[in-house]
Amino acid sequence: VQVRSSDEIEIESYPVFDPECSYRIVAPVYLISFLLMGTYVMLNLIIAVVLEKFVDTASKEGLLQTETLFDILRRKMIMDRFMGRVKDKVRAAKALRESTLAARNVNSK
């Protein structure tokens, strides 16, 4: 049994737009905040998965065997000294090459 049909309902009894409605401001703010929070959660989830796979792979390869901060600092100091020596040797090789080129230019004149 049909109680009311669409012909019986007056259009003005159900307004489509109510200018006094406060949801006009709340709804967009809610939608934007919901989208931002959802994006933030999904991004964190992706980052967590990538980091977990990285840690698993690095531990399998033995890259995460440093036990203390002092081990890390010691390795950094060793690498700094090594890089300093490499830079000194490169500078010396450049100076030798420049002096050799200068000697050839003097001899060729």
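Worth saying up front: this structure is predicted, and the values here are computed from it rather than measured. These values consider heavy atoms only, across backbone and side chains, with no hydrogens, waters or symmetry-generated copies.
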Notebook entry, point to check: Rounded to the nearest 0.5 Å, how far does CG of Leu73 lie from CD1 of Ile78?
Noted result: 11.0 Å

Notebook entry, point to check: Does a salt bridge link Asp88 with Arg85, judged by any charged N lying under 4.0 Å from a carboxylate O?
Noted result: no

Notebook entry, point to check: Going only through I, L, V, M, F, W and Y residues with side-chain contacts under 4.5 Å, is there a path from Phe70 to Met79?
Noted result: no

Note to self: Looking at every non-hydrogen atom in both residues, tell me the closest pair between Leu96 and Thr100 and how far apart they are.
What the structure shows: O-OG1, 2.7 Å

Checklist line | From Val29, Leu36, Leu35, residue fulfilling side chain to side chain contact (heavy atoms under 4.5 Å, CB included) relative to Ile32 | finding: Leu36

Notebook entry, point to check: Measuring from Asp80:CG to Lys76:NZ, what's the distance to the nearest 0.5 Å?
Noted result: 3.5 Å

Next item on the list: Start with the C-alpha gap between Ile72 and Arg75, add the side-chain angles, then the distance that decides, and say whether side-chain contact (heavy atoms from CB on, under 4.5 Å) holds.
Entry: CA-CA 5 Å; Ile72 296 171; Arg75 288 182 182 182; 5.9 Å; no

Check: Going only through I, L, V, M, F, W and Y residues with side-chain contacts under 4.5 Å, is there a path from Leu45 to Met37?
Finding: no

Notebook entry, point to check: Which value, rounded to the nearest 0.5 Å, describes the distance between Met42 atom CE and Ile47 atom CD1?
Noted result: 12.0 Å

